[in-house]
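Here's the structure, in structure tokens; my notes come after.
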Amino acid sequence: MKRRGDFTNLQIAELLRDVAAGYQLKGEDKYKFRIIAYDRAADAVEHATSELKDLWDDGKLEEVPGIGPSISEHLDELFKNGRSRHFEEVVRGIPPDAFKLMQLPGIGIKTAMKMLKEGDKKEVAEKLKEVKSLQEKNKRLLLPFAAQIAADIINYLREDKSVSRIDPLGSLRRQASTIGDIDIAVASSNPQSVLERFVEYPKSQKSIEKGEHTASILLPGDIRVDLMVQPEGSYGALLQHFTGSKHHNIALRELALKKGLSLSEYGIREVKAKSEKLKVFTSENDFYKFLGLDYIEPELREDTGEIEAAQNHKLPDLITLEDVKADLQIHSSFDIETSHDLGESSMEEVVKKGNELAYEYLAFTEHNPSQAKHTELQITDILKRKREKVEQINYSIKNRHKDSVKKVFNSLEIDMKPDGTVPVPESGMKTLDFALVSIHSSFHLDRNSQTKRVLSALSHPKVKIFAHPTGRLLEKREGAELNWPEIFDFCLKNNKWVEINCDPMRLDLPDTLVREAIKLGVKLTFGTDAHHKDGMNNMIWGISVARRGWCQKNDIINTLNLSEFEKLLE
DNA sequence: GCCGTTTTCGGCCCGACTGTTTTCAGTCG
């Protein structure tokens with residue numbers, strides 16, 4: 001239940017940014033670093049894996065990096081009383097419209113205030129309308145979609161013969177689950193010609209800016225694309241700089257400063273040496289090595305401990321697509337009269353696709369038969385029919401020595417009812433090798449009830465996997481609220497696994513929670529949730545999530561070979 | 001206002017681009 005004093009992380013982040021803007025407006029030098037501190041705190045809150053309110057309940061606010069004694073005290077007041085007098089004091093006199101205007105690119109607090117004071121009223125009204133439509137649109141791109149846009153532009157730019165190297169960078173290279181804008185780097189002997197070609201990209205709506213090294217265009221749908229061009233000799237530093245993340249780069253530069261070095265997209269120079277001698281790097285690997293660090297994979301560059309790990313040679317050996325030996329969530333077209341959607345490809349087609357992907361085993365995980373339309377007896381009969389079909393497939397693939405798929409498992413993706421029971425009778429559960437459970441309804445239970453529901457559904461001995469655990473749909477639906485430490489603890493103790501759903505709309509478990517899960521030793525699975533054989537190609541996006549969550553091969557169940565996997569099911 | 005493998009005090013990333021106040025402030029990534 002929402003009460004006065006309940007704030008979402010996003011609301012708190014906004015509030016902290018407003019306070020930062022308030023200090024900025026005061027324009028006094030003494031606030032220079034306080035502004036940065038508030039902005040950093042806002043970023044940290046926005047990216048926190050727990051609701052700040054919950055952390056506050058547990059007295060753990062100051063465990064969020066960027067929140068210290070002062071901000072923590074003001075937040076305490078905010079949660080207790082629904083307001084913070086200090087925050088209000090800082091932003092006093094700033095009209096709410098100013099904060100709205102700041103959401104437009106190119107407008108900061110000072111420009112916004114000037115517009116409101118001296119600007120044309122009509123123009124301000126126009127701009128505010130723009131903000132509103134921006135807020136309504138304000139969608140980030142799904143990873144595969146962004147990758148495709150980048151690939152198209154890269155093909156287009158490659159036609160310029162001066163381009164010797166070209167890469168998609170930024171959050172796309174870091175394989176974030178959603179992408180805000182698209183960054184591309186180019187090594188070229190003739191930067192001007194590349195930049196000119198770029199701003200003339202046929203699909204470009206308008207060119208935002210164009211300088212000596214960089215240019216930006218806007219594609220339909222307000223998709224911003226940034227290009228950065230350099231000579232080949234310093235391409236390594238450019239890769240490093242433009243891949244980010246911003247926080248990774250700041251942390252890296254702070255580390256470098258302590259060694260008397262200054263980093264930029266052009267290379268590394270010594271702070272003391274007035275000679276301005278720049279050391280350039282063709283390779284990113286050498287750039288990190290020069291700083292005394294192991295090479296850090298792009299997926300890890302979020303300033304969440306990777307720099308320290310690189311110093312101590314403790315970086316994980318990240319999982320790759322080649323490590324995966326199975327797909328553990330596939331919906332075939334075998335009709336078991338489900339209440340949700342069936343797959344479109346037959347079991348035979350799925351097995352064939354599994355062979356193409358060199359998998360050793362697969363699991364058929366259609367949704368459970370609809371409970372509303374069947375008696376328990378009918379459900380059991382339907383499931384027996386499916387069992388027979390799976391046995392028949394296994395018989396037919398048994399002696400095909402050339403094929404990689406040696407076995408398919410008879411599984412099921414089962415709804416959990418709001419009370420935590422499962423809509424399949426015990427006689428039906430018996431037909432299964434193992435089962436997945438997932439939330440498909442009642443997404444908005446409070447945290448405690450939702451957690452109880454999940455733990456109850458997971459406790460059935462046949463249930464091994466908690467599938468698409470948060471239930472989120474990227475840019476469409478927030479996930480369910482769950483007590484993750486409790487869920488992970490249960491999974492660890494009871495040998496249950498948590499799925500990384502590879503559907504680009506889901507990518508669920510989210511990467512930050514993946515990291516928390518494996519830290520505790522919880523095992524994860526990959527499931528493409530394919531409803532067509534081609535959906536099995538989505539494994540690669542799940543790999544991205546796992547890599548961003550610091551997963552190594554042994555964190556993931558489907559890297560086991562068939563006999564190891566079967567042992568776990570016994 | 002935050003933070004610590006040189007510091008509990010004294011630091012705090014770095015450069016591009018725009019527009020205009022032609023030397024810099026504002027904004028951005």
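Chain letters run A, B, ... following the sequence lines, proteins first and then strands; every chain starts at 1.
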Please check the phosphate of [N] (OP1 and OP2 only) for any side-chain N or O of [X] closer than 4.0 Å.
X	N	value
A:Tyr266	B:dC14	no
A:Thr214	B:dA16	no
A:His86	B:dG1	yes
A:Ser264	B:dC13	no
A:Arg40	B:dC13	yes
A:Arg34	B:dC3	no
A:Ser70	B:dG1	yes

Please work out if [X] contacts a base, only the sugar-phosphate, or nothing of the nucleic acid, heavy-atom cut-off 4.0 Å.
X	answer
A:Ile35	nothing
A:Tyr38	sugar-phosphate
A:Ile71	sugar-phosphate
A:Gln311	nothing
A:Ile268	nothing
A:Lys258	base

Is it true that A:His213 and A:Tyr266 have ring centroids separated by less than 6.0 Å?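 Aromatic pair counts; centres sit under 6.0 Å.
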
Any non-hydrogen side-chain atom of [X] less than 4.5 Å from a side-chain atom of [Y]?
X	Y	answer
A:Leu507	A:Arg472	yes
A:Asp167	A:Tyr235	yes
A:Ile67	A:Leu52	yes

Tell me which nucleotide among [options] gets nearest to the side chain of [X].
X	options	value
A:Asp226	B:dG29, B:dG1, B:dC17	B:dG29
A:Glu308	B:dA16, B:dT5, B:dC13	B:dT5
A:His213	B:dC17, B:dC3, B:dC12	B:dC17
A:Pro65	B:dC12, B:dG1, B:dC3	B:dC3
A:Ser262	B:dC13, B:dC2, B:dC14	B:dC14

State the pairing partner of B:dT8; accept Watson-Crick or G-U wobble contacts with both distances under 3.5 Å, and report none otherwise. none

Check A:His248, A:Glu299, A:Glu302, A:Glu297 against A:Arg174 for a side-chain hydrogen bond (donor to acceptor under 3.5 Å, both in side chains) and give me the one that passes. A:Glu302

Considering residues, nucleotides and ligands other than A:Glu209, do more than 12 of their heavy atoms fall under 6.0 Å from its CD? yes

Roughly how far apart, to the nearest Å, are [N] and [M] at atom [atom1]?
N	M	atom1	value
B:dG11	B:dA16	P	26 Å
B:dA25	B:dT21	P	14 Å
B:dT8	B:dC14	P	23 Å
B:dT23	B:dG29	P	29 Å
B:dG26	B:dT22	P	14 Å
B:dC12	B:dT7	P	16 Å
B:dG19	B:dC13	C1'	25 Å

On DNA chain B, compare the nucleotides closest to A:Pro105 and A:Lys114; which residue's is nearer the 5' end?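 Mapping each residue to its closest nucleotide by heavy atoms, the 5'-most match is A:Lys114.
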
Which is more 5' along DNA chain B, the nucleotide nearest A:Asn312 or the one nearest A:Arg253? Just name the residue.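 Looking at DNA chain B, the more 5' nearest nucleotide goes with A:Asn312.
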
Rounding to a whole Å, what distance do you find between [X]:[atom1] and [N]:[atom2]?
X	N	atom1	atom2	result
A:Met228	B:dC14	CE	C1'	11 Å
A:Ile36	B:dC2	CD1	P	13 Å
A:Ile250	B:dC14	CD1	P	10 Å
A:Asn249	B:dG15	CG	P	13 Å
A:Ile208	B:dG19	CD1	C1'	16 Å
A:Phe99	B:dT27	CZ	C1'	17 Å
A:Leu257	B:dT6	CG	P	13 Å
A:Leu104	B:dT27	CG	P	12 Å

Derivation and outcome, side chain to side chain contact (heavy atoms under 4.5 Å, CB included), residues A:Arg224 and A:Ile182: CA-CA 6 Å; A:Arg224 183 191 167 115; A:Ile182 292 169; over 6 Å; no

Using atom names, set out every protein N or O paired with an N or O of nucleotides 23-26 of chain B below 3.5 Å, distance rounded to 0.1 Å.
from, atom 1, to, atom 2, distance (Å)
B:dG26, OP1, A:Lys110, NZ, 3.4
B:dG26, OP2, A:Lys110, NZ, 3.2
B:dG26, O3', A:Thr111, OG1, 3.3

Has A:Arg34 got its NZ or CZ under 6.0 Å from the middle of the six-membered ring of A:Tyr23, at an angle within 45 degrees of the ring axis?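 A:Arg34 over A:Tyr23 ring: yes.
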
How long is the gap from CD1 on A:Ile12 to CG on A:Leu16, to the nearest 0.5 Å?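 With rounding to 0.5 Å, CD1 (A:Ile12) is 7.5 Å from CG (A:Leu16).
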
So how far is it from A:Asp6 CG to A:Phe79 CZ, rounded to the nearest 0.5 Å?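 Reported value, rounded in 0.5 Å steps: 8.0 Å.
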
